[in-house]
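Only one structure is covered here, and it is reproduced in the block below.
Numbers restart at 1 for each chain; the letters A, B, ... are given by sequence-line order, proteins then strands. As a basis for the values below, the full set of heavy atoms in this structure was taken, side chains included, without hydrogen atoms, waters or symmetry mates.
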2 protein chains.
Amino acid sequence: MATPSCGKPHDVYAAACPCRDMLDLLANKWSALALGALEDGPRRFGAIRAKLEGVSPKVLTATLRRLEEHGLVDRTVYPAVPLHVEYSLTPLGQDACEPLALLRRWVVDNIDRFPGSPVLSDPSVSVGA
Amino acid sequence: MATPSCGKPHDVYAAACPCRDMLDLLANKWSALALGALEDGPRRFGAIRAKLEGVSPKVLTATLRRLEEHGLVDRTVYPAVPLHVEYSLTPLGQDACEPLALLRRWVVDNIDRFPGSPVLSDPSVSVGA
DNA sequence: GCTGCTGGTATCCAAAGGGAACTACGATGG
DNA sequence: CCATCGTAGTTCCCTTTGGATACCAGCAGC
């Protein structure tokens with residue numbers, strides 16, 4: 001159990017607990033995807049951008065910087081000729097990937113159960129064809 | 001493994017996949033907290049609001065409506081005198097709680113590893129005393 | 001000197017988040 | 001009769017974040 005220095009147990013439901021900020025950081029679409037993109041090893045900005053389809057460079061930069069600030073990713077610049085920047089997970093970031101990977105996976109595995117998926121209501125579409 | 005009816009595997013990294021929307025819904029601070037607040041059974045609006053310290057009624061309403069729309073929670077109105085509204089998890093919502101609970105728990109368990117936690121840099125505070 | 005590659009900023013606009021006050025409803029009660 | 005309370009929101013306004021597009025810097029090669 002968390003043994004906080006503040007003398008009371010950490011609780012994501014408490015507004016003042018730093019947990020709240022961490023949850024806000026991790027419980028975020030782009031953070032969850034970006035960390036997942038680094039699971040297989042370091043990646044360059046362009047590669048992450050390509051993997052996270054639809055992310056704008058501004059938002060991706062902001063997301064990565066925020067993750068870096070909180071010690072979840074490392075940013076390494078190789079000042080070679082075409083400039084080369086690599087992002088990688090810190091040990092903490094790797095650990096954080098586990099629950100996020102489970103969440104991403106749960107979504108993928110259960111998406112067809114959601115109402116509103118055009119999928120469910122139309123048996124005529126070729127299933128698994 | 002997800003066997004999507006669309007013929008190709010679902011992928012949260014694909015911009016066009018409905019998974020993206022689901023991830024956006026679940027990978028959200030207030031959604032994660034609100035679903036967790038309903039894990040122990042139905043709760044009333046006021047109770048949820050009290051548990052999720054710091055949430056404004058506007059945002060809570062929006063969050064719950066969005067979860068309801070996507071079939072994760074049920075909203076039941078008891079038109080008694082003082083008006084009574086209960087929110088509860090659907091089976092899908094209950095399932096979604098598992099990965100979210102793991103995430104919340106990971107945050108609580110690992111918060112002290114984060115740099116920037118005032119905690120780490122000050123051994124004078126009684127840790128686990 | 002122009003193009004291309006890489007890794008971003010700058011700019012602008014729309015959407016979401018957040019705080020505080022206000023509404024509707026009927027019971028209760030002075 | 002009017003005021004007050006409790007519940008569950010809604011409305012307003014402002015700030016923050018997200019998102020799309022355009023542009024910039026440094027250097028290789030042509």
Side-chain angles (χ1 to χ4, degrees), chain A residues 12-17 19-35 37-38 42-70 73-88, chain B residues 12-17 19-35 37-38 42-70 73-88:
Chain A
V12 284
Y13 286 96
C17 182
C19 295
R20 187 58 79 76
D21 297 315
M22 283 306 129
L23 185 66
D24 199 23
L25 173 65
L26 294 178
N28 169 293
K29 183 177 50 167
W30 295 127
S31 293
L33 291 172
L35 288 173
L38 297 174
R43 269 182 188 252
R44 300 164 57 168
F45 183 87
I48 302 171
R49 189 183 170 186
K51 181 151 175 97
L52 273 61
E53 286 183 18
V55 71
S56 73
K58 191 188 78 167
V59 172
L60 182 55
T61 301
T63 301
L64 291 170
R65 291 280 146 85
R66 201 165 154 222
L67 292 171
E68 191 193 359
E69 265 176 42
H70 288 86
V73 311
D74 276 332
R75 179 175 178 271
T76 313
V77 180
Y78 299 92
V81 165
L83 179 61
H84 187 101
V85 178
E86 260 186 13
Y87 292 89
S88 57
Chain B
V12 283
Y13 286 96
C17 183
C19 294
R20 186 58 78 77
D21 297 314
M22 284 306 128
L23 185 66
D24 199 24
L25 174 64
L26 295 178
N28 169 291
K29 183 177 51 168
W30 294 128
S31 293
L33 291 172
L35 288 173
L38 297 174
R43 271 182 186 253
R44 300 163 58 168
F45 184 86
I48 302 171
R49 188 183 172 186
K51 178 149 177 100
L52 274 60
E53 287 183 16
V55 71
S56 72
K58 188 189 79 169
V59 172
L60 182 55
T61 302
T63 301
L64 290 170
R65 290 279 146 85
R66 203 164 153 223
L67 291 172
E68 190 193 0
E69 264 175 44
H70 288 86
V73 311
D74 275 333
R75 179 174 178 271
T76 313
V77 181
Y78 299 92
V81 162
L83 180 60
H84 188 101
V85 178
E86 261 187 10
Y87 292 89
S88 57

Using a distance-only test with no angle check, is there a side-chain donor-acceptor pair under 3.5 angstrom linking R43(B) and Y87(B)?
no
Whether [X] contacts [N] is assessed here as follows: a side-chain N or O lying under 4.0 Å from the phosphate OP1 or OP2. Is that the case?
X      : N       : value
R49(A) : dG7(C)  : no
N28(B) : dA16(C) : no
W30(B) : dA16(C) : no
R75(A) : dG8(C)  : yes
K29(B) : dG18(C) : yes

Got a donor-acceptor contact below 3.5 angstrom from the R44(B) side chain to the V85(B) backbone?
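Side chain of R44(B) to backbone of V85(B): no pair is present.
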Tell me if a side-chain donor or acceptor on R20(A) pairs with a main-chain N or O of E53(B) at a distance below 3.5 Å.
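Between the backbone of E53(B) and the side chain of R20(A) there is a qualifying donor-acceptor contact (under 3.5 Å).
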Beyond-backbone contact of D24(A) with N28(A), side-chain heavy atoms, under 4.5 angstrom:
no
Who pairs with Y13(A) by side chain to side chain donor-acceptor pair (under 3.5 Å), at least two apart in sequence or on another chain?
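With sequence neighbours excluded, Y13(A) shows a side chain to side chain donor-acceptor pair (under 3.5 Å) to no residue whatsoever.
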Rounded distance (Å) that lies between atom [atom2] of [N] and atom [atom1] of [X]:
X      : N       : atom1 : atom2 : result
R44(A) : dG8(C)  : CZ    : P     : 11 Å
L60(B) : dG18(C) : CG    : P     : 12 Å
K58(A) : dG7(C)  : NZ    : C1'   : 17 Å
L83(A) : dC5(C)  : CG    : C1'   : 10 Å
Y87(A) : dG8(C)  : OH    : C1'   : 8 Å
R43(A) : dG7(C)  : CZ    : C1'   : 17 Å

Stepwise, does the side-chain contact (heavy atoms from CB on, under 4.5 Å) test hold for D21(B) with H70(B)?
CA-CA 10 Å; D21(B) 297 314; H70(B) 288 86; 5.7 Å; no
Just call it for R65(B): base, sugar-phosphate, or nothing, with non-hydrogen atoms closer than 4.0 Å on any strand.
sugar-phosphate
Mind checking V59(A) for me? I need base, sugar-phosphate or nothing, with any heavy atom below 4.0 Å counting as a touch.
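Since a base atom lies under 4.0 Å of V59(A), the category is base.
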By nearest-nucleotide position on DNA chain C, the 5'-leaning member of P57(B) and D24(A) is D24(A)
Nucleotide interval of DNA chain D bounded by contacts with chain B (heavy-atom cut-off, under 4.0 Å):
dT7(D) to dC12(D)
Which of T63(B), L67(B), L60(B), L64(B) passes side chain to side chain contact (heavy atoms under 4.5 Å, CB included) with W30(B)? Answer is T63(B)
Please compare V55(A) and P82(A) by the position of their nearest nucleotide in DNA chain D and report the one closer to 5'.
V55(A)
